[in-house]
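Heads up, the thing below is written out as structure tokens.
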Amino acid sequence: MLPAPVSAVLPSVATGRPLRWGVVATGSIATRVVEDLARLEDAVLQAVSSRTEASARAFARRFGFAAAYSDAGDVPGYSRLLADPAVDVVYIATPHAQHHAIALAALTAGKHVLCEKPITMDAGQARHLADVAREHGLFLMEAVWTRFLPSFRRALTILRSGEIGQPRWLQADLGFAPAYDASSRTWDPAAGGGALLDLAVYPLTWALGALGEPSGVRADGVLTPEGIDLQNTLTLQYDDGAHAQLITSLGAQCPSVVTVGGTEGWLRSSAPLFNPTELTVQPRKGLLRTERFEVFGNGFAYELREVTRCVQAGLTESPFMTPAESVGTMALLDEARRQMGLRYPSDAVAVEA
């Protein structure tokens, strides 16, 4: 994993020609991301889609989108948005199980794509999207926003500097205990519910950044009667003897921090590890120190700036978050699911190349 470069310039500052954005879905994550998208000087809020007209229009009025699309008969709202020639880039914020179909439709319609994590339900779907994006010469990126935060970029710089020696051990956890809601996607296997697909990408981001790609994974989890994982533990194995232990949970409140142990010291993030504002570093031969970071907006502007920069430059992928990395992460999660006995209805659906 390459660390994204640190810039003293605010991510809101324009880096080129304006890009016209379409947003698929109007839920909570879309709201928080669009709050930051509206802060970008070179972002045009062109269109939003939702299943219902009321939701699409309300979202459009709130943020000033030029157009609002909703389902019309058998035509989904997102299909109507993708048919809008004024849209350059599409941000997809639907439940996980819809990512592949909508991203595929967007790429086929000639739109660049930023898709919420997980990019798809499995590695086969992710590989399919990567292939289609490459064939069409279009930009595709998974929205792993933590990778672009100043604190995470700084952490990778410290780890690569040798200040704490060679990283050999990592422990990370992320957990909440939401009330059970049968109507929520969180508890629905068909929507990709559970802790693994919703939360594990964040501890994994730290592990991959600190230790690189693992040689293997051991996984254990607690499954609910509905068929989703309430809690899981992933142990990443490395050929050089390093290892990482990652825990994600929907059944317990966790500290939600990451600690990296090296041969000459350690580094720890503040909570939550997906958006830390402090890093504590203890070198063996130095003083304990804490570095603090300010986050612009909600923290999503950094990844939005990267998408914008890449599209403006004619790039089809970000060097700091490639489609190949997304495929690799999904393959690791596929193996973890296999070991836990965790299956989704989408597993029975083959992807047509």
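Numbers for residues simply follow the sequence, beginning at 1. What you see is a predicted model; the values in this text were computed from it and never measured.
The closest side-chain heavy-atom distance from Thr280 to Trp266 is below 4.5 Å. For the pair Thr277 and Glu291, the minimum side-chain heavy-atom distance is 4.5 Å or more. Glu303 is not listed as a side-chain neighbour of Asp36, based on a closest heavy-atom distance of 4.5 Å or more. Val24 places a side-chain heavy atom less than 4.5 Å from the side chain of Thr94. The shortest distance between side-chain heavy atoms of Thr308 and Leu40 falls below 4.5 Å. Leu246 has its side chain within reach of Leu170: a pair of non-hydrogen atoms, C-beta onward, lies under 4.5 Å apart. Proximity of Gln282 to Leu267: side-chain heavy atoms (C-beta onward) are nowhere separated by under 4.5 Å. Looking at Leu236 and Leu211, their side chains never come closer than 4.5 Å, going by heavy atoms from C-beta outward.
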Quick one, Thr322 with Glu317, criterion side-chain hydrogen bond (donor to acceptor under 3.5 Å, both in side chains). Give me CA distance, side-chain angles, the key distance, then yes/no.
CA-CA 6 Å; Thr322 68; Glu317 61 182 51; 4.9 Å; no
Going through the checks in order, is the salt bridge (charged side-chain N to carboxylate O under 4.0 Å, His left out) test met by Glu142 and Arg147?
CA-CA 11 Å; Glu142 184 179 12; Arg147 285 200 180 199; over 6 Å; no
Would Trp21 and Leu37 satisfy side-chain contact (heavy atoms from CB on, under 4.5 Å), going step by step from the backbone distance to the final call?
CA-CA 9 Å; Trp21 287 78; Leu37 183 61; 3.6 Å; yes
Just do the salt bridge (charged side-chain N to carboxylate O under 4.0 Å, His left out) check on Arg338 and Glu335 with the steps written out, would you?
CA-CA 5 Å; Arg338 185 192 69 78; Glu335 174 58 19; 2.7 Å; yes
What do the steps show when you test Asp84 against Tyr69 for side-chain hydrogen bond (donor to acceptor under 3.5 Å, both in side chains), and what is the final call?
CA-CA 10 Å; Asp84 187 337; Tyr69 297 101; 2.8 Å; yes
Under the side-chain contact (heavy atoms from CB on, under 4.5 Å) rule, what do Leu159 and Val260 come out as? Steps first, then yes or no, please.
CA-CA 9 Å; Leu159 295 174; Val260 184; 3.9 Å; yes
side-chain contact (heavy atoms from CB on, under 4.5 Å) between Ser346 and His100: does it pass, once the steps are laid out?
CA-CA 11 Å; Ser346 62; His100 176 260; over 6 Å; no
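In terms of modelled atom types and a separation under 3.5 Å, the side chain of Glu35 and the main chain of Phe300 share no donor-acceptor contact. Without hydrogens or angle criteria, Glu264 side chain to Gly165 main chain gives no donor-acceptor distance under 3.5 Å. For the pair Ser49 (side chain) and Leu81 (backbone), a donor-acceptor distance under 3.5 Å is absent. A donor-acceptor pair under 3.5 Å is absent between the side-chain atoms of Ser249 and the main chain of Gln231, judged by distance alone. Between the side chain of Asp229 and the main chain of Gly221, no donor-acceptor pair closer than 3.5 Å is present. The main-chain N or O of Leu332 is never found under 3.5 Å from a side-chain atom of Arg337 such that the two would form a donor-acceptor pair. Side-chain atoms of Thr157 come within 3.5 Å of backbone N or O of Arg153 as a donor-acceptor pair. No donor-acceptor pair under 3.5 Å is formed between the side chain of Trp206 and the backbone N or O of Val258. The main-chain N or O of Arg17 is never found under 3.5 Å from a side-chain atom of Asp42 such that the two would form a donor-acceptor pair. Put simply, the side chain of His99 gets close to the backbone of Pro118: a donor and an acceptor are under 3.5 Å apart.
For Arg309 and Thr15, the side-chain atoms include no donor-acceptor pair closer than 3.5 Å. At a cut-off of 3.5 Å, with distance as the only test, a side-chain donor of His96 or Asp198 sits close to an acceptor on the other residue. No side-chain donor-acceptor contact under 3.5 Å links Ser215 and Gln237. One side chain, Tyr91 or Glu116, offers a donor N or O that lies under 3.5 Å from an acceptor on the other. If you check the side chains of Asp88 and Gln46, you find no donor sitting under 3.5 Å from an acceptor. No side-chain N or O of Ser270 forms a donor-acceptor pair with one of Glu278 less than 3.5 Å apart. Remark: the Ser70 side chain and the Glu53 side chain contain no N/O donor-acceptor pair separated by less than 3.5 Å.
Of all heavy-atom pairs between Asn298 and Asn275, the closest is O-ND2, 4.0 Å. Contact detail for Leu140 and Pro323: the closest heavy-atom pair is O-CG, 3.7 Å. Counting all heavy atoms, side chain and backbone alike, Leu107 lies closest to Leu129 at CD1-O, 3.7 Å. Residue Leu333 comes nearest to Ala200 through the heavy atom pair CD2-CB, 4.3 Å, listed as atom of the first residue, atom of the second, then distance. Taking all atoms of both residues into account, the shortest heavy-atom contact from Arg160 to Met1 is NH2-O, 2.6 Å. Residue Asp173 comes nearest to Cys254 through the heavy atom pair OD1-CB, 3.1 Å, listed as atom of the first residue, atom of the second, then distance.
Ring geometry for Phe65 against Phe63 counts as perpendicular: the plane angle is over 60°, on a 0 to 90° scale with 30° as the lower cut. Ring orientation note: the planes of Trp145 and Tyr202 are nearly perpendicular, at an angle over 60° on the 30°/60° scale.
In this structure, the separation between CG on Leu199 and CG on Leu196 is 9.0 Å, given to the nearest 0.5 Å. Interatomic distance, CD of Gln312 versus CZ of Phe139, reported as 11.5 Å (0.5 Å rounding). Summarising the geometry, atom OG1 belonging to Thr224 is positioned 4.0 Å from atom CD1 belonging to Ile228; distances are rounded to the nearest 0.5 Å. Rounding to the nearest 0.5 Å gives a distance of 5.5 Å between CD of Glu41 and OG of Ser12. Arg305 contributes atom CZ, which lies 11.0 Å from atom SG of Cys310 (distance to the nearest 0.5 angstrom). Atom CG in Asp220 sits 9.5 Å away from atom CG in Leu234 (nearest 0.5 Å).
For Arg134, the salt bridge (Lys or Arg N to Asp or Glu O under 4.0 Å) partners at least two apart in sequence or on another chain are Asp131.
The hydrophobic clustering, which links ILVMFWY residues whose side-chain heavy atoms are closer than 4.5 Å, places Val13 and Leu45 together.
Atom CD of Gln253 is surrounded by more than 12 heavy atoms from other residues, nucleotides or ligands within 6.0 Å. Residue Arg80 places its CZ atom among more than 12 non-hydrogen atoms of other residues, nucleotides or ligands, all under 6.0 Å distant. Around atom CG of Asp239, no more than 12 heavy atoms belonging to other residues, nucleotides or ligands sit under 6.0 Å away. When the shell of 6.0 Å around CG of Leu288 is examined, it contains more than 12 heavy atoms from other residues, nucleotides or ligands.
For the pair Glu163 and Arg284, the salt-bridge criterion is not met [side-chain N within less than 4.0 Å of a carboxylate O].
Aromatic ring centres of Phe148 and Phe152: separated by at least 6.0 Å.
A ring-ring contact (aromatic ring centres under 6.0 Å, His included) check over residues 173-194, counting only residues at least two apart or in different chains, returns the pairs Tyr180-Trp187.
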